[in-house]
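Notes for the one structure printed next.
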Amino acid sequence: MTGKPGRLAAYWERQLDKLDEQETRRARKLPTWRTRRRRRQLVAVVLLGDLVLITSAASFKLAAPWFSLGTWFGGFAIGAVGFVLLRILTGRISSGFSRLLDERERDWRHRITFIAFLTLSFLMTVAMFYGLAISPQHDSGIRGAMMLAALLVTGSTVSTVVLGWSLPDDDPEDFLEEGNGDG
Amino acid sequence: MSPVRRGKELPIYNRLPVLRAERGLSRAALAAAVEVNPQTIGALERGDHYPSLDLAFRICAVFGLPVEAVFSREPFAPLSTQVYREGGA
């Protein structure tokens, strides 16, 4: 009984160390893409993916089902590629555990998650009203589910999108190992 | 007053770049010493982030200086000017 929390705590510490190493490795990926301009381009890609998702869910009745499902998954794929790249470029603020963040990173995390929470709440309300509006129709189940999924995916990308848009350019001096004095 | 507004009206200045240069410390080395990300040291130096009391004390411990020697509400005069004036007075 006394050894169990100790083993669990040690296991959790090892997992955190592994995640920290993973984040450190990830921080060195795509070095030439680590600019605000490039991140904003990826934000546009993610938003385009979200827009395609929502449009295909909304136009399900107008087009053939295979076309709507195809564009829905196409939008998902576009958004997913942009989202994964953006997560790499925004680093541990968007993907790391809170315990691995320092105070500035935690400030950023709190700010963006609050914005994302409010946006997601709004989008879920929209999904609810959309579901209510189409409920008399025979295909309301699949249409409501597609719209709910599209808005859920959109809402869950908001924190990374806001972060990617607002983070400043990396300062090369932050990554210099050598000091500039005589020491 | 919100922290953002207070930051604009009551900024906190610091001497981190000068102190680092004197000791030949990179941002990464100082960051490792106080257990933060190097970008956080950069943000402190640019005035994009104000440190918590805990971080301020940890930074001061690295330089062996009191808090008022590293952080101030007023802009710092250049160290050379201060040393010359005090030494010459």
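Reminder, nothing fancy here: chain letters follow the sequence lines and each chain counts from 1.
- Applying the 6.0 Å contact sphere to CZ of F76(A) captures no more than 12 heavy atoms from other residues, nucleotides or ligands.
- You'll find the side chain of D171(A) reaches within 4.5 Å of the side chain of R46(B), heavy atoms only.
- Residues I142(A) and I134(A) do not share a hydrophobic cluster, clusters being chains of Ile/Leu/Val/Met/Phe/Trp/Tyr side chains in contact below 4.5 Å.
- In terms of the salt bridge (Lys or Arg N to Asp or Glu O under 4.0 Å) criterion, residue partners of R58(B) (sequence neighbours excluded) are, by chain and number, D54(B).
- Under the 4.5 Å side-chain heavy-atom criterion for ILVMFWY residues, no single connected hydrophobic cluster contains both V153(A) and I115(A).
- In terms of hydrophobic clustering, with Ile, Leu, Val, Met, Phe, Trp and Tyr side chains grouped at heavy-atom distances under 4.5 Å, L53(A) and L151(A) are assigned to different clusters.
- At a 4.5 Å heavy-atom cutoff, the contact between D174(A) and chain B is made by backbone and side-chain atoms alike.
- Contact detail for N37(B) and D102(A): the closest heavy-atom pair is N-OD2, 2.8 Å.
- Between R104(A) and H49(B), the shortest heavy-atom contact is CA-CE1, 3.7 Å.
- With respect to chain A, the highest number of heavy-atom pairs below 4.5 Å among I41(B), D48(B), L44(B), L55(B) belongs to L55(B).
- Not one N or O on the side chain of E173(A) forms a donor-acceptor pair closer than 3.5 Å with the backbone of R27(B).
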